[in-house]
Protein chains: 2
Amino acid sequence: MSERIKGELLSAACPLPLANHQQIVLGHGSGGKLTSDLVQKIFLPAFDNPYLARLDDQAVFELAGTRLALTTDSYVVTPIFFPGGDIGRLAVNGTVNDLAMSGARPLHIAAAFILEEGLATSDLERIAGSMQAAADEAGVSVVTGDTKVVNRGKGDQVFITTTGLGIIEKPVAISADRARPGDKILLSGFIGDHGIAILSQRENLEFEGAIESDTAALHTLVAAMLEASPEIHCLRDPTRGGVATTLNEIAARSKVGMEIQEREIPVRESVKGACEILGLDPLYVANEGKLIAIVAPEAAAAVLDKMRAHPLGRDARLVGTVVAEHTPLVLMKTEIGGSRIVDLMISEQLPRIC
Amino acid sequence: MSERIKGELLSAACPLPLANHQQIVLGHGSGGKLTSDLVQKIFLPAFDNPYLARLDDQAVFELAGTRLALTTDSYVVTPIFFPGGDIGRLAVNGTVNDLAMSGARPLHIAAAFILEEGLATSDLERIAGSMQAAADEAGVSVVTGDTKVVNRGKGDQVFITTTGLGIIEKPVAISADRARPGDKILLSGFIGDHGIAILSQRENLEFEGAIESDTAALHTLVAAMLEASPEIHCLRDPTRGGVATTLNEIAARSKVGMEIQEREIPVRESVKGACEILGLDPLYVANEGKLIAIVAPEAAAAVLDKMRAHPLGRDARLVGTVVAEHTPLVLMKTEIGGSRIVDLMISEQLPRIC
């Protein structure tokens, strides 16, 4: 492990009690406990309204009789080009996915660029091109945008904020607070690819077998799943903070416990190896083209079949069950037969992963 | 003038021919000629679609029989707190205004934060509070959001991207390509306040008479104007690049000429004085609570009356006329009786003004 990664992991480890943060630390951007803290202490009290209070990755509201979803995300990933994608493709796919996770059909994207003085215009051109390619594949249009430039040393090449608008055409009710005891937990495929791909590129690490980001638009996968059954209760793409953080968030919001099986969670050998060398747990590593679905027990088999029939869900598995016990803990049966608590990520494993 | 401003003005002066920019310069964020260049050469070819091609500050589209407007802007202003406002208030008002300039009623805001490690959490709290105050005043809700954190030295305290969704309820057709010869040019009040307020704060300059940012939400002013007449052809808030750049954009898009009267353009004595000292032209200085309306000649008097009856249009004036001649030049009759071409700003007068 490079000295820089060690430093980042150390600085992200955050020795102070959460309540005492006078300053923003990298962990506040982790998607884990500290991000949740910031949302609970600063943003929710300030922007008090029922849409935001849902705490899903998108707002859902009705407008002139039509149900719409709106979502926004800033992308600050470094490096901006990486195996399997770049910041532009990530920004479009990520926003498409945040819409899809509400059951919405993605329609329009707004894109705002913050450029650092000195960025190569050819890099910007390449990024815009890959955004359009991703938009074409996902069937959305980039309909409006903005460009700002900051002085050299006050940004980092390019940050992109994408906001998506989608329409919810089916009578679905998907939200992180809808998991019920007995529901089945489905995972759409191999985990950890995106995080490890970024890290390898950033640190010039070479692992056996090339590891590429799994960035992909998941809306057609979700549409196929909803064809099988409307009884999909929660949908999330486990990005920052990984599968562990996403399951913990759903458990807390739904006031349930969860039990997952380690042997059912698909991790590539190459990712497993990289995680061992780096001291990372794949359950906490970011994904960009995977989803977790919490599904009514009677619908699980049909939904899983539809997932496996879709190219982006080929390796989908039933990985666990929602339970009424040990609320809101996520327990994992390990491969060697033990059981451990899978906690919310406290700080950050790897900064600027998306 | 401080050495830093001199340096910024010099570096923004951009000696290279426009076509030859291999790297992003500050001027690409000016809202002037270089920004337009970037849009024309990189973004329009990449994201080719009719919504974006309108080149207005918002996309307008129909969804399930309802006309909607969507707009996005990143805010990178420095300093983040300034006389008359802060980055949070600016972000909400700016996005409300970009919706209002299409005749839309602003409804929902998405807010994405890029925080620099080390930002005081109390500053973030203050900014979130002032965003909510601005949202309350404008009658909009911040319904969804995102937070990312970048390493120290890779950002600058806080950048905010706000995206707004609004509904267009009246049968209006407002766009920068709708100015017609004979139309009247209305300006809602004193120009240059925002830019000079930021500059004074940034450089610790003191001018006679405190100069405050004019940041304000203009949607109720627009609603009042539309009550007077639907014959409002173009609406723009002259932010980056100021009144001169906005008029040039409209003239080019509508393929018309314009004639404006210098003596009719309201500039505070304090702003005039500051501009003289700094070598700036108030016509190019950013505004955040003003609008320019291009109105059918028969509607001009009624619209102007409505503007003057509104607190944010009290000092509104008829400042010029759209003409069929000298397309797409904006000519200004000066106070001393001469005439000069008011060109598009080539580069940037002052970086990071919004």
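Here is how names work: the chains are called A, B, and so on, in the same order as the sequence lines, proteins then strands, and each is numbered from 1.
- Contact annotation for B:Asp57: only backbone heavy atoms (N, CA, C, O) come within less than 4.5 Å of a heavy atom of chain A.
- When side chains are defined from C-beta on, B:Thr161 does not count as touching A:Phe113, because their heavy atoms never get closer than 4.5 Å.
- With respect to chain B, the highest number of heavy-atom pairs below 4.5 Å among A:Pro50, A:Ala111, A:Ala64, A:Gly118 belongs to A:Gly118.
- Proximity of A:Lys154 to B:Lys154: side-chain heavy atoms (C-beta onward) are nowhere separated by under 4.5 Å.
- Each of B:Gly155, B:Ala110, B:Ala59 has some count of heavy-atom pairs under 4.5 Å with chain A, and the biggest count is that of B:Gly155.
- Checking side-chain atoms of A:Asp146 against main-chain N and O of B:Ser74 turns up a donor-acceptor pair under 3.5 Å.
- The distance from the CG atom of A:Asp123 to the CD atom of B:Gln23 is 10.0 Å, given to the nearest 0.5 Å.
- When atom types are taken as modelled, the side chain of A:Thr72 and the backbone of B:Ala112 share no donor-acceptor pair closer than 3.5 angstrom.
- Looking at B:Ala53, there are no atoms closer than 4.5 Å to chain A (heavy atoms on both sides), in backbone or side chain.
- Comparing B:Leu107, B:Val150, B:Thr147 by how many heavy-atom pairs each has under 4.5 Å with chain A, the most go to B:Val150.
- Expressed to the nearest 0.5 Å, how far CD of A:Gln58 lies from OG1 of B:Thr144 amounts to 7.0 Å.
- Ranking B:Val143, B:Leu52, B:Thr163 against chain A, the residue ahead of the rest is B:Val143, based on heavy-atom pairs under 4.5 Å.
- Residues B:Tyr75 and A:Ile114 form no side-chain contact, since every pair of their non-hydrogen atoms from C-beta on lies 4.5 Å or further apart.
- Residue B:Phe47 touches chain A through both its backbone and its side chain, counting heavy-atom pairs closer than 4.5 Å.
- Rounding to the nearest 0.5 Å gives a distance of 11.5 Å between CG of A:Asn49 and CD1 of B:Ile109.
- Contacts of A:Leu115 with chain B are made by side-chain atoms alone, with heavy-atom separations under 4.5 Å and no backbone atom involved.
- Only the side chain of B:Arg152 comes within contact range of chain A, with heavy atoms under 4.5 Å apart.
- For chain A, the nearby parts of B:Leu124 are the backbone and the side chain; heavy atoms of each come within less than 4.5 Å.
- Note that CD1 of A:Ile167 and CG of B:Leu63 are 4.5 Å apart. Values are rounded to the nearest 0.5 Å.
- Looking at B:Lys148, its side chain never comes within 3.5 Å of a backbone N or O of A:Val76 through a donor-acceptor pair.
- Distance check: A:Leu38 CG to B:Thr121 OG1 gives 8.0 Å after rounding to the nearest 0.5 Å.
- B:Asp73 touches chain A through backbone and side chain together, each having a heavy atom under 4.5 Å away.
- Looking at B:Thr66, only its side chain comes within 4.5 Å of chain A, counting heavy atoms on both sides.
- In this structure, no portion of A:Leu55 lies under 4.5 Å from any heavy atom of chain B.
- In this structure, the portion of B:Leu68 lying under 4.5 Å from any heavy atom of chain A is its side chain and not its backbone.
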Worksheet item: Can you list the steps and then say if A:Glu117 with B:Ile24 is a side chain to side chain contact (heavy atoms under 4.5 Å, CB included)?
Response: CA-CA 5 Å; A:Glu117 183 186 13; B:Ile24 296 298; 5.6 Å; no

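- At a 4.5 Å heavy-atom cutoff, the contact between B:Leu119 and chain A is made by backbone and side-chain atoms alike.
- Only the backbone of B:Glu116 comes within less than 4.5 Å of a heavy atom of chain A; no side-chain atom from C-beta onward does.
- Neither the backbone nor the side chain of B:Ala135 comes within contact range of chain A; no heavy atom of the residue lies under 4.5 Å from a heavy atom of that chain.
- Listed options B:Pro45, B:Ala128, B:Gly153 were ranked by heavy-atom pairs under 4.5 angstrom with chain A; first place goes to B:Ala128.
- B:Glu125 touches chain A through backbone and side chain together, each having a heavy atom under 4.5 Å away.
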